[in-house]
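The structure appears below as structure tokens.
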Amino acid sequence: MDSPEDLTLSELLERYATLRDTILGLETERDELGARVKAALLGGGQAETDLYRATLKVSRRIEYPLDRFREVFGDAAALEVATIDRRRAEALAKSGDLDGERLRELAVVKETQALVLQPKTR
């Protein structure tokens, strides 16, 4: 293949499009395979190769449901934090504008699992 400096603009575009399409196809395949492996791990399966061991990493995210937040703290507080931004709501509780205990009771923890490849050569 010619070096990129020797290619015409149309050839550069052609190469770019080929690489983009290849990457998108590989990412789609990777995501599909990852979903299948994750589902198997969630079902109690185990997977490893010579180099990697598959594990699931659990992440938790706290959210406050808008309708319940409004019921507990009222319209003005709901408007103050708009999308119920966790950091802003917690800052209001810390400053005493919201009842911290009631805010903690209102919290909903969302969990997500991410597929992690752990190198076996550590």
Side-chain angles (χ1 to χ4, degrees):
M1 180 181 150
D2 296 330
S3 71
E5 294 80 29
D6 298 334
L7 299 177
T8 66
L9 184 55
S10 293
E11 291 168 331
L12 287 171
L13 177 59
E14 177 76 28
R15 181 69 181 146
Y16 173 83
T18 299
L19 290 172
R20 186 206 60 182
D21 292 346
T22 300
I23 290 168
L24 289 175
L26 291 171
E27 286 175 340
T28 299
E29 181 180 1
R30 179 204 59 204
D31 293 346
E32 290 169 358
L33 292 171
R36 289 179 61 190
V37 170
K38 190 189 307 185
L41 293 175
L42 285 169
Q46 294 182 358
E48 64 180 67
T49 67
D50 290 342
L51 298 176
Y52 297 103
R53 179 176 299 109
T55 60
L56 291 176
K57 177 183 173 191
V58 175
S59 299
R60 290 177 177 81
R61 185 178 76 216
I62 294 176
E63 295 180 352
Y64 304 103
L66 179 58
D67 54 339
R68 299 242 7 259
F69 190 93
R70 272 185 67 210
E71 287 174 20
V72 172
F73 297 112
D75 291 339
L79 286 174
E80 179 74 23
V81 294
T83 61
I84 317 303
D85 179 282
R86 178 185 59 85
R87 282 177 255 152
R88 290 191 64 202
E90 290 172 356
L92 286 172
K94 190 174 187 177
S95 70
D97 291 335
L98 297 179
D99 181 333
E101 182 61 33
R102 292 184 74 192
L103 183 64
R104 278 186 291 283
E105 291 170 5
L106 183 64
V108 174
V109 177
K110 302 271 182 158
E111 286 189 357
T112 58
Q113 290 84 27
L115 178 60
V116 177
L117 297 181
Q118 294 180 325
K120 292 168 70 175
T121 57
R122 284 189 181 182

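Please read all numbers here as calculations on a predicted model, not as lab measurements.
Of the possible donor and acceptor atoms, none in the side chain of Lys38 sits under 3.5 Å from a partner among the backbone N and O of Leu56. Without hydrogens or angle criteria, Glu14 side chain to Glu11 main chain gives no donor-acceptor distance under 3.5 Å. Between the Arg68 side chain and the Ala107 main chain, no donor and acceptor come within less than 3.5 Å of each other.
The two atoms that bring Leu98 and Ala89 nearest to each other are CD1-O, 3.7 Å, heavy atoms only. Shortest non-hydrogen contact noted between Ala93 and Gly100 is CB-CA, 3.9 Å. Among all heavy-atom pairs drawn from Glu80 and Leu92, the shortest one is CG-CD1, 3.7 Å. Taking both residues in full, the closest heavy atoms of Phe73 and Leu106 are given as CE1-CD2, 3.8 Å, listed atom of the first, atom of the second, then distance.
A salt bridge is absent between Arg61 and Glu111; no separation between the charged side-chain nitrogens and carboxylate oxygens falls under 4.0 Å. A salt bridge is defined here as a Lys NZ or Arg NE, NH1 or NH2 lying under 4.0 Å from an Asp or Glu carboxylate O, and Arg102 with Glu105 fails to meet this definition. At a threshold of 4.0 Å, the pair Glu63-Arg86 does not count as salt-bridged, since none of the basic side-chain nitrogens sits closer than that to a carboxylate oxygen.
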Task: Lys57 vs Gln113, side-chain contact (heavy atoms from CB on, under 4.5 Å): CA-CA, chis, key distance, verdict - done: CA-CA 5 Å; Lys57 177 183 173 191; Gln113 290 84 27; over 6 Å; no
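With hydrogens and angles left out, the side-chain atoms of Asp6 and Ser3 include a donor and acceptor closer than 3.5 Å.
Here the CG atom belonging to Leu7 is positioned 11.5 Å from the CG atom belonging to Leu13, to the nearest 0.5 angstrom. Taken to the nearest 0.5 Å, the CG atom of Leu103 stands 12.0 Å off from the CG atom of Asp97.
In Glu27, the CD atom is crowded: over 12 heavy atoms of neighbouring residues, nucleotides or ligands sit closer than 6.0 Å.
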